[in-house]
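Below is one structure; the comments refer to it alone.
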Amino acid sequence: MLFSIRYSEVSGGGVSNFSSYKGQPIELTKIDDKTLEFKLPVVNQLFIYRLANMNVIPEHGFDGDATIVKTSDYMITPGMATSGPFQVAEVNADSIVYTARDDYYGGKPKVDKVVCKVLGAGGTKQVAFESGELSYMRVITAEDLEKYSADPDNYNITSISEGRLNYLQLNPYGPVMSTLSDDARKAIFLALNQEEIIMAAYGSEELARPANSILVPDQSMYDPDCPGYTQNIEEAKALAESSGLAGKTINYIYNADRAGMDAVAIVIQQQLANIGVNVSVRGLDSPTFFSTFWGKGSGNGNEKTWDLGSNGWDSQYGRTIVQAGFYLNSAEQWGWSEKICNLTDQINETNDQDEYNELAKQLQRECLEEYRMYPLPYPNYVMVSHKNVSGLDTIPIVPEFADYASITVE
């Protein structure tokens, strides 16, 4: 684990979430070969989450040199050290093959081999699934859901919450939005009809549910009574006029590699036209989108080329605010007020559960009042599998990140 922490410092430019917090060092003490003690300068609710999700890197695979991890072939070489129920047997251009371990602490898996394949979207994937090349696949359209649900003799349908929030982001450094008053943000949000957007993109509430908060129902501090946003066209029109937004053309980017994002963009474009706002839409491939969307707000990068963007984050489960906490503390990048940043810090730095829940409830409502990020859907992860595949319904999280030991193929 110490080697993994050293690597996190190397990859983070000398800074790591495991060795420092708010510029203060975290004390690390090796107790014995199996025990490492962490002493934080203050309480940090996110630390346990980060620790539990640390990617442990085998020191012996890199001869103890953390600086060569990124350039080494070790992590793409069959036989690499792994800790799960399967070990890597093959690494191919279009697939990774895993074989069951005999020495897994939880017992030998029920299937001997798992093959993860890279396939094209849409029809290519469906052909592979229906021919038996794939055992299961994700369902992303209402049409496919209806098709496979209508054939229960051959297929199983399994649906779980993805623990994810998809959202619309306003860029405070955008070429148009940076020149207008706060009322311009409010005008955009009040012009939107969330239900129309979600139905156009997903077509079924089994695939996605309307979001009312920056947090997700899978988190214990989620507030089901958080009001979300409600469309008000007349107020939106008035604010668009008074703020100078009406008649402007704003730039919208989305990830063209993500299902449904194109439909979301088109409907938002249509809805903003109703208040006299033109929207220029650009779909970007994943690498281009993320480098554009996440560019530092105060820098000179691509972030100044767009005003609106749709994205999603994995909120995870449990009682920490995780991704939302990271996002809401990025005041410089996203324009959040000092009040929001302070609330986020207070939530992360309290051990009192009642205070934690109350602060989280306040945070969810305060965020809405700043009109910077519009929660759209909470997507579900819906799968179709062949009838001989069972155990998917016992997995509480997206299967790609789960323990495959519970899956059975007859």
Side-chain angles (χ1 to χ4, degrees), residues 94-95 116-130 133-150 155-169 192-211 216-218 252-271 279 281-294 306 308-316 323 373-385 392 395 397-402:
D94 63 348
S95 67
C116 293
K117 297 184 69 68
V118 177
L119 292 170
T124 302
K125 188 166 58 174
Q126 288 185 340
V127 169
F129 171 70
E130 292 174 10
E133 183 181 352
L134 297 180
S135 299
Y136 83 89
M137 70 173 185
R138 184 176 186 179
V139 176
I140 60 174
T141 68
E143 292 77 14
D144 285 345
L145 177 59
E146 182 178 359
K147 171 185 175 181
Y148 294 117
S149 296
Y155 303 114
N156 298 317
I157 298 292
T158 306
S159 178
I160 61 173
S161 169
E162 197 173 352
R164 186 177 182 84
L165 171 70
N166 287 349
Y167 61 96
L168 176 71
Q169 178 66 49
L192 301 181
N193 184 310
Q194 183 190 47
E195 184 177 350
E196 286 183 2
I197 296 169
I198 294 173
M199 289 306 294
Y202 300 95
S204 167
E205 285 207 4
E206 188 169 348
L207 295 172
R209 296 160 292 154
V216 302
D218 308 276
Y252 184 120
I253 62 170
Y254 69 90
N255 188 341
D257 293 335
R258 291 273 177 91
M261 289 292 187
D262 54 346
V264 168
I266 290 171
V267 177
I268 289 176
Q269 181 186 50
Q270 294 169 347
Q271 292 180 353
V279 181
V281 176
R282 283 189 299 145
L284 307 173
D285 61 69
S286 286
T288 305
F289 173 80
F290 289 118
S291 65
T292 303
F293 187 87
W294 288 105
W306 61 277
L308 299 180
S310 47
N311 191 35
W313 67 45
D314 184 2
S315 298
Q316 301 291 333
Q323 182 70 33
M373 187 270 283
Y374 191 115
L376 287 169
Y378 298 131
N380 290 328
Y381 198 95
V382 181
M383 298 163 283
V384 57
S385 63
L392 287 171
I395 299 175
I397 60 175
V398 175
E400 281 74 6
F401 307 111

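When each of Thr158, Leu145, Ile160 is checked for a side chain to side chain contact (heavy atoms under 4.5 Å, CB included) with Val382, only Leu145 meets the rule.
Proximity of Ser204 to Glu146: side-chain heavy atoms (C-beta onward) are nowhere separated by under 4.5 Å. Side-chain contact between Gln194 and Tyr374 is present, with at least one heavy-atom pair separated by less than 4.5 Å. Contact check for Asn311 versus Phe289: side-chain heavy atoms found under the 4.5 Å cut-off. Between Val384 and Lys147 the shortest side-chain heavy-atom distance does not fall below 4.5 Å. Looking only at side-chain heavy atoms (C-beta outward), Tyr202 and Asn166 come within less than 4.5 Å of each other. Tyr136 has its side chain out of reach of Asn156: every pair of non-hydrogen atoms, C-beta onward, lies at least 4.5 Å apart.
Within 6.0 Å of the CD atom in Glu133, the count of heavy atoms belonging to other residues, nucleotides or ligands exceeds 12.
The side-chain hydrogen bond (donor to acceptor under 3.5 Å, both in side chains) pairs that include a residue from residues 257-268 are Asp257-Ser286, where partners are two or more places apart or lie in different chains.
Side-chain polar atoms of Tyr148 and Glu130 form a donor-acceptor pair below 3.5 angstrom.
Going from atom CG of Leu284 over to atom CG of Asn255 covers 8.0 Å, rounded to the nearest 0.5 Å. For the atom pair Leu207 CG and Glu162 CD, the distance stands at 11.0 Å (nearest 0.5 Å).
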